[in-house]
Structure formats: C-alpha cells, structure tokens
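See structure below.
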Protein chains: 2
Amino acid sequence: MTPESIKVACSNCNLRELCMPVGLSPEELQRLDSLVATRRKVRRKELLFHNGEQFVSLYAIRTGVFKTRITSEDGRDQVTGFQMAGEIIGLDGIVNDRHTCDAVALEDSEVCVMPFDRIEELSREVSALQRHVHQIMSREIVREHGVMLLLGSMRAEERLAAFLLNLVQRLHARGFSASELVLRMTREEIGSYLGLKLETVSRTLSKFVDDGVVEVNQRHVRILDAEALRRMVNPTVCA
Amino acid sequence: MTPESIKVACSNCNLRELCMPVGLSPEELQRLDSLVATRRKVRRKELLFHNGEQFVSLYAIRTGVFKTRITSEDGRDQVTGFQMAGEIIGLDGIVNDRHTCDAVALEDSEVCVMPFDRIEELSREVSALQRHVHQIMSREIVREHGVMLLLGSMRAEERLAAFLLNLVQRLHARGFSASELVLRMTREEIGSYLGLKLETVSRTLSKFVDDGVVEVNQRHVRILDAEALRRMVNPTVCA
DNA sequence: CGGGGGTTTGACCGGTCTCAACGCTCGTGG
DNA sequence: CCACGAGCGTTGAGACCGGTCAAACCCCCG
C-alpha cells in the first residue's frame with residue numbers, strides 16, 4: 001500500500017485540532033473529509049504554488065515547513081511568513097483568482113489539497129466550517145498586524161527575540177520542546193522576514209549567545225533564558 | 001426628515017460598486033439591504049471600536065477616513081492602515097470575538113453597521129456574497145503583504161513615494177483628482193504607518209519639494225511628477 | 001579532498017533617529 | 001481685534017544602529 005493510496009480523512013487526522021473546527025457532529029465531520037481532494041508532496045526548495053499561478057485550492061500543511069514570499073517588480077523579495085504543520089496557506093489567491101506570492105518548501109513536506117470551491121460549497125451548509133474559514137482568514141490578518149508592528153517599530157534585537165519566541169511557542173504547541181528548536185530557514189530568510197540583513201541576524205544571534213540567552217549550533221538553537229527574550233520584546237516599565 | 005431616518009439601502013447606495021458584490025439579481029440585491037442594521041456617525045478623533053471590545057459587526061465606510069492602529073503591551077503603537085469610503089473595517093475581530101485594534105476617525109465620518117452573524121447567515125444563502133466576503137478578507141491579506149514589503153525592504157523615500165501614490169490612486173478611484181490630495185493624517189501618523197519618525201517624513205517631503213516632485217502646503221499635496229515617484233518605488237532596471 | 005553554500009566577524013559608511021529649537025496656523029478668549 | 005497658546009510641522013547637529021563590503025571560516029557532501 002503506497003502512501004498515496006492511504007485513505008485521506010480529516011476525521012482521524014492527528015492535526016485535526018489545528019486545522020479543523022471543533023465541536024462538529026460525527027455526521028458533519030465525515031462530510032468535511034470530502035474537502036481534501038488529495039495530498040501532495042513537495043520536496044525541499046520546490047514550490048507549492050507561485051506568483052501568478054491560477055488559484056484553485058487552499059493547502060493545509062501536514063508535515064514540513066514552508067516560507068511564503070512576495071517579489072516586487074524590481075526583484076526585491078520579502079518573506080511574508082513561515083508556516084508549519086496544521087497551518088493553512090494560499091489565502092492570498094482568493095481575491096483575484098491568482099496567487100500573489102510563492103510558497104516554498106523549506107524541507108520535504110506534505111500538504112492536503114482543498115479545492116476552494118468545495119470549501120465554499122460546504123461552508124454554505126456547515127456553518128461551523130464557514131465560521132472556521134472566516135477565523136483562519138481573520139487570524140492571518142491579525143498575525144500580519146503583529147508583523148507590521150515588529151517591522152515598523154522594533155529594533156534588531158527585539159525583532160529577533162520576538163521571532164524566536166514565536167517559533168518556539170508554535171513548535172511547543174505541536175508537541176516539540178519549549179526551549180529547543182531547529183531553524184528550517186537560513187539567516188538570509190530570517191532577515192528577509194524581519195526586515196534585516198543576514199549579517200545583522202548573525203551578529204544579533206551572536207550577541208544573544210554572548211549574553212548567555214541562547215545557545216546556537218548551526219541551525220540548532222537552545223533558549224536558555226526565555227524571560228530575557230520576553231523582556232527584550234516587551235521592555236517592562238520600570239516601577 | 002432627519003438623516004437618521006433616511007432609508008438605509010445598499011441597493012441604491014452610490015458606493016455599491018465599492019463594497020457590494022456585482023452581478024446580483026434584483027432579488028438578491030434587495031436581500032442584501034438587510035445587512036446594514038443601522039448607520040453610525042463618528043466624529044473626528046472618536047473611536048469606531050477599540051482593542052478588546054466585543055466584536056459584533058463589520059463596518060463599511062460611507063464618508064470620512066479612519067486609521068486603524070494596534071498597541072503593544074509596552075505602549076508602542078503602529079498604524080496598520082488608513083481606510084476610506086467603500087472600505088470595510090473590523091475584520092480583525094472575527095478570530096477571537098474581540099477587536100484587536102482601534103479604529104479612529106480622522107475626520108467626521110459615517111459608517112454602515114453590518115452585524116457579522118447576519119453577514120454569515122446571508123452569505124450561506126447568497127453565494128455571491130459569500131465569495132465577496134472571502135475576497136475582502138483576502139484583499140486585506142494581500143494589502144498587508146505589500147506593507148510588509150514596504151516596511152521590510154524600502155528606504156524612507158521609497159516608502160513615502162509608495163504611500164503618496166497609493167493614496168492618490170485610491171482617491172482617484174473615488175472620483176477625486178489624480179494628482180492632488182489632502183492628507184487627513186498627521187506626519188506622525190504617516191510615520192507610524194511607514195515605520196519612520198515624523199521628522200523623517202517631514203524631511204523626505206521637503207526633499208520631494210526641493211526636487212520639484214510635489215508641492216506641499218500643510219496637508220495639501222499636489223503631485224507634479226508622478227513618474228518620478230513611480231521610479232523611486234520601482235527603480236527601473238537600467239537596460 | 002576539494003568545493004560551495006551558508007555563516008561569522010571586522011571595518012567602515014550612511015541613513016535614520018534623537019534631541020532641540022524654532023515656526024506656522026488656527027482657534028479662543030481677553 | 002489682537003494676544004496667546006496648543007498642536008503640528010520644519011530644520012539642524014550629532015549620535016548610533018544597521019547596512020555594505022570584504023575576508024575568513026565551517027560544515028556537509030559530492
């Protein structure tokens with residue numbers, strides 16, 4: 001039995017709590033299984049979709065990590081996010097029926113392909129799904145507000161601290177360590193996301209190491225003093 | 001007959017093309033009229049909604065201009081957008097049933113109040129509305145990607161040029177001049193949005209004036225050389 | 001063993017911030 | 001009608017953070 005032929009079923013997927021609504025009746029849950037048309041494997045460095053491509057489906061990440069990036073006409077690009085298991089990508093394509101960014105796998109990954117017209121059809125009938133879709137989109141909007149705050153008002157140290165805390169928190173929610181993580185992206189990609197140059201990312205990381213806040217070995221990072229990172233992001237008002 | 005008692009009806013609102021789906025049947029169009037529960041006036045400097053407030057409705061701007069801003073725990077704030085007639089605000093509240101930002105009127109304004117549960121209910125029945133809601137949210141996501149690019153990779157001049165071009169383009173789409181505009185926001189608010197200090201905004205504007213690209217009188221701006229602004233945002237590859 | 005992508009580190013530069021002073025405009029009240 | 005103050009905007013001088021350029025390093029992998 002090849003992996004491809006395994007029955008695709010959200011109802012018994014271990015990521016269900018992450019990407020599906022909760023509190024569904026068994027009957028509703030079963031209907032949602034039909035959302036996932038198929039699964040698709042994407043190897044490291046390959047694109048799940050790219051700018052200009054016809055928009056057809058949203059994708060739920062089963063395994064692996066992606067980055068999304070936009071490219072301006074003059075060739076600059078900006079990483080707009082890093083996505084991991086249970087997160088939904090492709091929302092950018094809805095407005096104009098074309099994707100406006102690239103989604104690149106940072107490691108070998110697998111996604112569930114959910115044709116958007118099927119999502120719309122089903123969410124007209126299952127209001128819990130409708131609500132869920134709205135929440136996912138709203139959550140993305142709120143996330144981006146946070147990134148705007150970061151890019152607009154934080155200094156390099158604060159940005160990197162916020163980035164590490166966010167990553168480790170999301171990994172922890174997925175059952176990984178609350179203090180150790182493996183960066184799936186390069187310094188340059190981190191820099192692009194944070195509005196910094198790769199040298200600045202590297203230097204700032206080195207500073208964290210000097211200060212005893214983290215340990216860094218290549219892509220492996222261990223957070224020694226999460227409290228210190230939190231203080232950087234959120235300078236406590238000295239009372 | 002007071003303004004308040006005027007029949008609220010999207011079907012004959014002159015902003016219809018901006019905030020409503022197109023291509024509806026007369027019957028559908030009439031049903032959508034029931035979306036707008038009421039209208040609400042907001043005076044300059046007053047809040048339409050604020051961070052932490054219970055989320056109930058989305059708002060379509062009829063007249064006036066708003067800014068939305070988020071505030072970090074330590075008090076920094078970041079303007080996340082400027083919204084004008086025909087645009088929808090409040091999407092941030094959907095995820096957690098609470099608003100996560102403030103919406104402040106920059107001049108006396110009026111909005112249409114659209115209870116979100118009614119939107120959801122109706123969009124289960126009118127698929128054109130459903131699609132429309134999805135597009136509005138997706139459009140906001142894509143807009144924010146653009147802001148991330150701006151904040152993450154552009155220099156002060158480029159940011160301000162992009163800002164002016166964007167504003168004037170949106171105003172033009174609403175029937176105003178394609179080259180003149182009145183800024184409804186302060187230099188500080190522009191700076192917050194663009195990730196710059198107010199002094200930098202002021203200095204950069206002055207530079208544009210020196211270069212003969214714009215004329216500035218207080219809040220009144222006249223664009224003399226739009227092409228120059230476009231070149232700043234998008235350094236043409238010299239062939 | 002060699003090569004290459006990714007990373008670190010250093011020296012220097014420059015754009016933006018900071019701090020400060022001054023100016024302008026408009027509304028208010030004497 | 002004018003004086004005045006508040007809010008907003010402009011301009012300058014100097015500091016500093018992060019960018020730029022360059023060299024060296026490291027680790028993995030062919």
Side-chain angles (χ1 to χ4, degrees), chain A residues 43-45 65 67 76-79 104 106-108 150-164 181-211 213-221 232 235, chain B residues 43-45 65 67 76-79 104 106-108 150-164 181-211 214-222 232 235:
Chain A
R43 309 197 78 85
R44 192 167 112 86
K45 298 198 177 184
V65 179
K67 70 170 176 185
R76 273 182 290 210
D77 61 358
Q78 170 75 29
V79 171
V104 186
L106 298 181
E107 59 183 28
D108 293 354
L150 181 145
L151 291 172
S153 76
M154 291 188 178
R155 316 228 258 90
E157 277 187 29
E158 305 174 303
R159 297 185 196 192
L160 197 60
F163 174 73
L164 291 175
L181 65 156
V182 176
L183 300 172
R184 249 66 234 215
M185 64 295 284
T186 68
R187 306 290 192 258
E188 184 170 19
E189 288 164 334
I190 296 173
S192 172
Y193 181 58
L194 299 179
L196 302 170
K197 292 294 158 182
L198 68 95
E199 294 96 327
T200 303
V201 173
S202 178
R203 262 186 261 272
T204 307
L205 265 182
S206 298
K207 180 171 183 311
F208 286 177
V209 172
D210 291 348
D211 295 350
V213 176
V214 301
E215 268 177 28
V216 177
N217 271 66
Q218 302 295 119
R219 304 265 175 114
H220 190 103
V221 176
M232 284 183 203
Chain B
R43 310 196 77 84
R44 192 167 113 85
K45 299 200 176 179
V65 178
K67 71 171 176 184
R76 274 181 290 210
D77 60 358
Q78 169 75 28
V79 170
V104 186
L106 298 181
E107 59 182 29
D108 294 353
L150 180 145
L151 290 173
S153 76
M154 291 188 177
R155 313 223 263 93
E157 277 187 30
E158 305 173 303
R159 296 185 197 192
L160 197 59
F163 174 73
L164 290 175
L181 66 156
V182 176
L183 300 172
R184 251 63 237 219
M185 63 296 283
T186 68
R187 307 289 193 260
E188 183 170 21
E189 287 164 336
I190 296 173
S192 172
Y193 181 59
L194 298 179
L196 302 171
K197 292 295 158 182
L198 68 95
E199 294 96 328
T200 304
V201 173
S202 178
R203 263 187 260 272
T204 307
L205 266 183
S206 298
K207 179 169 184 313
F208 286 177
V209 173
D210 291 348
D211 295 350
V214 302
E215 268 177 27
V216 177
N217 271 65
Q218 303 294 118
R219 304 264 176 115
H220 191 100
V221 176
R222 181 200 306 267
M232 284 183 202

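Residue numbering restarts at 1 for every chain, and letters A, B, ... go by the order of the sequence lines. As the structure is a computational prediction, the values presented were derived from the model and not from experiment.
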>> Between A:Leu194 and A:Leu160, is the side chain to side chain contact (heavy atoms under 4.5 Å, CB included) condition met? List the steps.
In response: CA-CA 7 Å; A:Leu194 299 179; A:Leu160 197 60; 3.7 Å; yes

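Looking at residues two or more places apart in sequence or on another chain, you find no side-chain hydrogen bond (donor to acceptor under 3.5 Å, both in side chains) involving B:Asp108. Residues passing the side-chain hydrogen bond (donor to acceptor under 3.5 Å, both in side chains) test with B:Glu215 are B:Arg222, sequence neighbours excluded. Residues meeting the side-chain hydrogen bond (donor to acceptor under 3.5 Å, both in side chains) test with A:Arg44, sequence neighbours left out: none. Listed by chain and residue number, A:Lys67 satisfy the salt bridge (charged side-chain N to carboxylate O under 4.0 Å, His left out) test with A:Glu189 (two or more places apart in sequence, or in another chain). Contacts of A:Glu157 classified as salt bridge (charged side-chain N to carboxylate O under 4.0 Å, His left out), with partners at least two apart in sequence or in another chain: A:Lys207. For A:Glu188, the side-chain hydrogen bond (donor to acceptor under 3.5 Å, both in side chains) criterion is met by no residue, not counting sequence neighbours. For A:Arg184, the salt bridge (charged side-chain N to carboxylate O under 4.0 Å, His left out) partners two or more places apart in sequence, or in a different chain, are A:Glu107.
The shortest non-hydrogen separation linking B:Ser153 to A:Arg76 is O-NH1, 3.3 Å. Taking both residues in full, the closest heavy atoms of A:Gln78 and B:Gly152 are given as OE1-CA, 3.5 Å, listed atom of the first, atom of the second, then distance. Nearest heavy atom pair, residue B:Gly195 against residue B:Arg159, reads O-NH1, 3.4 Å.
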Can you name the atoms? Protein N/O to nucleotides 9-13 of chain D N/O, anything below 3.5 Å, with the distance.
from, atom 1, to, atom 2, distance (Å)
D:dG9, OP1, B:Arg219, NE, 3.1
D:dG9, OP2, B:Arg187, N, 3.0
D:dT10, OP1, B:Arg187, NH2, 3.3
D:dT10, OP2, B:Arg187, NE, 2.9
D:dT10, OP2, B:Ser202, OG, 2.7
D:dT10, O5', B:Ser202, OG, 3.2
D:dT11, OP2, B:Ser206, OG, 2.7
D:dG12, N7, B:Arg203, NH1, 2.8
D:dG12, O6, B:Arg203, NH2, 3.1

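Using five terminal pairs a side, the axes of the helix from C:dC1-D:dG30 to C:dG30-D:dC1 at its two ends make an angle of 30°, given in steps of 10 degrees.
Chain A approaches DNA chain C within less than 4.0 angstrom (heavy atoms of the protein), and the contacting nucleotides run 5' to 3' from C:dG6 to C:dA11.
Here B:Gly191 lies out of heavy-atom contact (under 4.0 Å) with every strand.
Side chains of B:Leu205 and B:Arg187 form a contact here, defined as non-hydrogen atoms less than 4.5 Å apart.
Near-neighbour residues of DNA chain C inside residues 150-157 of chain B, defined by a heavy atom below 4.0 Å, number-ordered: B:Arg155, B:Ala156.
Sorted by first and then second residue, the side-chain hydrogen bond (donor to acceptor under 3.5 Å, both in side chains) pairs involving residues 190-202 of chain A (not counting sequence neighbours) are A:Arg143-A:Tyr193.
Taking atom CG on A:Leu196 and atom C1' on D:dT20, their separation rounds to 14 Å, with Å as the unit.
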